[in-house]
Each structure stands twice: as C-alpha cells, then as structure tokens.
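The structure appears below as structure tokens.
Atoms within each ligand, like the ligands themselves, are counted from 1 in listed order.
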Amino acid sequence: MSRRLVFLGPPGAGKGTQAQAIGRKLGLAHISTGDLLRKEVADCSPLGREAKVFMDRGELVPDAVVVRMVKARISEPDCAAGFILDGFPRTRAQAIALEAETHVSRVFFFDVADSALVKRLSGRRSCPRCGASYHVEFVPPKKAGICDLCGSTLVQRDDDKEETVMRRLVEYTAKTADLIGYYRDRGILTSVDAFAPPEQVEHSLIAAIRKVPEA
Ligand code: AP5
C-alpha cells in the first residue's frame, strides 16, 4: 500500500522544500529529477555531461534521458512504500511515460504568483552535502550560510542567476504548464496555495495527502 504523488509547479514554487520535509514526515521517498541530474553533473558521468549543456541554459533535458533515470529510481526498494516526484513529469511525453510505468495517486499543483518566483530563486541557498534548501530571507538557516542539518557551507545554484531563471520560467510556461490541464482532465489534480508561508503550505499539503487513498 502506497501513495505515489507528483509535485507540479514553476521553478521556485517550493516543490523541493515541501517534498523534502513531507517525505521525511510521511515516510515517502523524495525523488527530485533536478537533484538526480545535478548529481550526475557533479560525478561527470556521460549522462551528466549531456544534461549540463541544457541545465546551464535553463532548458529542459531531453525526455528520453530523464524518463530513463526516473524509471530506474522508482523501481528502487525505498519507493515501494510510496514516493513524491518533485520536478517530474515536466512535459506531456514524460507524463505519458510515467503512466505507462506506474499509477499516479495524486498531483499537487503549487499555485504561486510569478512575481514571487524570481525573489525566491535569487535568495535560495542549498546544502551541497545533504541537499537541504534555505532562503536568505524566508527560510533562513539558524547560522547564516551554514546548513542546520549537517553544518556544511551553503551554496547558490548556478542556474539561479537571473538570466537563467528567466529562461527556466519561459520553459515552464511553454512545456510544463500544459500538465495542469492534463491532470485536471484526469480528475487527479489538487491546487495548493503555495504563496502562503512554508509551514502553512506544509500543513495544507499533509492534510490533503492523508486523504489520498493508498493503492
Ligand atoms: P529543478 O532542480 O527541478 O528546478 P526547478 O523545477 O526549476 O525547481 P526549483 O528547484 O528551482 O524550485 P522548487 O519549486 O523546488 O523551489 P524550492 O523548494 O527550492 O531543475 C533544474 C534543471 O534540471 C531544469 O532547469 C532542467 O534543466 C533539469 N530538469 C529537472 N527535471 C527535469 C525534467 N523532468 N525534465 C527535463 N529537465 C529537467 O524553493 C525555492 C526558494 O523559495 C528556496 O529558497 C525556499 O527556501 C524558498 N521557499 C520555498 N517555499 C517558500 C514559501 N512558501 N514562502 C517563501 N519562500 C519559500
């Protein structure tokens, strides 16, 4: 019995922040395609070298590459108890490939005004060691620049530079926003007010997830 969830929304909507916290609290594996790709880049693998070209430009990595990676990840043992997909699917082709692989229990759409996104992304800081995410103003670590969880020095993501952020937002509108209607038509979309403070978003999401039947 498990819940297989998708967190859908624009860059900076808070998908990663919530997936990490809720995954831990509800015992669901957190699968971030962005994190998986950044690991491949850091390892200088062939996949990482191919993906880096697209990521640096703020463009989507080709579907075939990402689908292969996700298929392998969701078949790992920790996903048997359920998982949260964060940042996947991002195109209709990815959504169709996911459906062929597994049953999606529910898709949560992170609804947030565009005006908030650039500020959230430019202030984001991440831990290179454990992946925890912060914001210099909205979600500050206890000690400036240091990860609360593992004590590592926080870094800014390369693709959080303003011109790359703008490109990512364009990609989202052109290729990903269509999935809102796609999942609404299938009757499995829930919109979440992601403009609210993080604790409030988490509270609403957990309440909504608990209502999703396990299958
Ligand atoms: P990815 O890493 O997935 O980036 P993204 O989707 O652009 O999402 P972000 O990580 O930027 O935002 P988020 O919604 O997780 O927000 P967060 O919680 O961090 O992808 C990177 C790249 O990889 C892509 O550009 C693409 O090239 C490639 N890629 C990945 N997946 C792919 C796919 N499926 N197909 C093809 N290519 C793919 O929050 C942002 C900031 O806001 C943080 O600082 C946080 O502390 C703060 N914050 C969070 N919630 C709140 C709140 N409620 N109020 C105020 N601040 C908040």
May I have the list of side-chain donor-acceptor pairs in residues 194-215 shorter than 3.5 Å, sequence neighbours left out?
from: E202; atom 1: OE2; to: K25; atom 2: NZ; distance (Å): 2.4
from: S204; atom 1: OG; to: Q200; atom 2: O; distance (Å): 2.9

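Comparing T17, L8, V70 by heavy-atom distance to atom 45 (C) of ligand 1, the nearest is T17. Residue nearest to atom 37 (N) of ligand 1, selected from V61, T33, V165: V61 (by heavy-atom distance). For atom 20 (O) of ligand 1, the candidate residues are E202, R90, Q20, R168; the nearest heavy-atom contact is made by R90. The option with the heavy atom closest to atom 27 (O) of ligand 1, from among Q18, R57, E59, M69, is E59. Between atom 48 (N) of ligand 1 and the options E199, R124, Q200, R120, the minimum heavy-atom separation is to R120. When the options K175, R167, R157 are ranked by their closest heavy atom to atom 1 (P) of ligand 1, first place goes to R157. Proximity annotation for atom 40 (C) of ligand 1: of G12, A19, P10, G12 comes nearest, heavy atoms only.
Looking from atom 15 (O) of ligand 1 to the surrounding protein, the closest heavy atom is G16 N, 2.8 Å. The nearest protein atom to atom 8 (O) of ligand 1, hydrogens excluded, is given as K15 NZ, 3.4 Å; this is a heavy-atom distance. Protein heavy atom nearest atom 23 (O) of ligand 1, with residue, atom name and distance: M55 CE, 3.6 Å. At the top of the distance list for atom 47 (C) of ligand 1, counting protein heavy atoms only, stands H135 CB, 4.0 Å. Protein heavy atom nearest atom 35 (N) of ligand 1, with residue, atom name and distance: Q94 NE2, 2.9 Å.
By the 3.5 Å distance cut-off applied to N or O atoms, G58 is not counted among the residues near ligand 1. Distances between N or O atoms of G14 and those of ligand 1 include at least one value under 3.5 Å. Distances between N or O atoms of Y134 and those of ligand 1 include at least one value under 3.5 Å. For the pair V66 and ligand 1, the shortest N or O to N or O distance does not fall below 3.5 Å. Considering backbone and side-chain N/O atoms, V139 never comes within less than 3.5 Å of an N/O atom of ligand 1. Taking only nitrogen or oxygen atoms, main chain and side chain alike, G87 reaches within less than 3.5 Å of ligand 1.
A cation-pi arrangement is present between R57 and F54 under the rule of less than 6.0 angstrom and at most 45 degrees off the ring axis. Cation-pi check for R186 over Y182 is met; the charged atom lies under 6.0 angstrom from the ring centroid and within 45 degrees of its normal.
Close to ligand 1: A196, with a non-hydrogen atom less than 4.0 angstrom away. G9 does not count as a contact of ligand 1, since none of its heavy atoms falls under 4.0 Å from the ligand.
We find that E171 and R167 are joined by a salt bridge, their nearest charged nitrogen and carboxylate oxygen being less than 4.0 Å apart.
If you take CZ on R73 and CD1 on I31, they are separated by 5.0 Å, rounding to the nearest 0.5 Å. The line from CD of E50 to OG of S45 is 9.5 Å long, rounded to the nearest 0.5 Å. Atom CD1 of residue I84 and atom OG of residue S32 lie 11.5 Å apart, to the nearest 0.5 angstrom.
V107 pairs with exactly one of I180, I188, L85, L179 by the side-chain contact (heavy atoms from CB on, under 4.5 Å) rule, that one being I188.
Contacts with ligand 1 closer than 4.0 Å are made by side-chain heavy atoms of D159 only, the backbone lying farther away. Both the backbone and the side chain of L60 come within contact range of ligand 1, each with a heavy atom under 4.0 Å. Contacts of E171 with ligand 1, taken as heavy-atom pairs under 4.0 Å, are absent altogether. Contact annotation: for P62 versus ligand 1, there are no heavy atoms closer than 4.0 Å. Residue contacts with ligand 1 for L121 involve side-chain atoms from C-beta outward but no N, CA, C or O (heavy atoms, distance under 4.0 Å).
Using a 4.5 Å heavy-atom threshold, the side chains of D78 and F83 count as separate.
Between the side chains of S126 and R124, no donor-acceptor pair is found at a separation under 3.5 Å.
Ligand-side atoms of ligand 1 in range of L37: 23 (O), 28 (C), 29 (N), 30 (C), 38 (C), range being under 4.0 angstrom from any heavy atom.
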Given R129 and T153, is the side-chain contact (heavy atoms from CB on, under 4.5 Å) satisfied, shown in steps? CA-CA 9 Å; R129 185 144 159 239; T153 301; over 6 Å; no
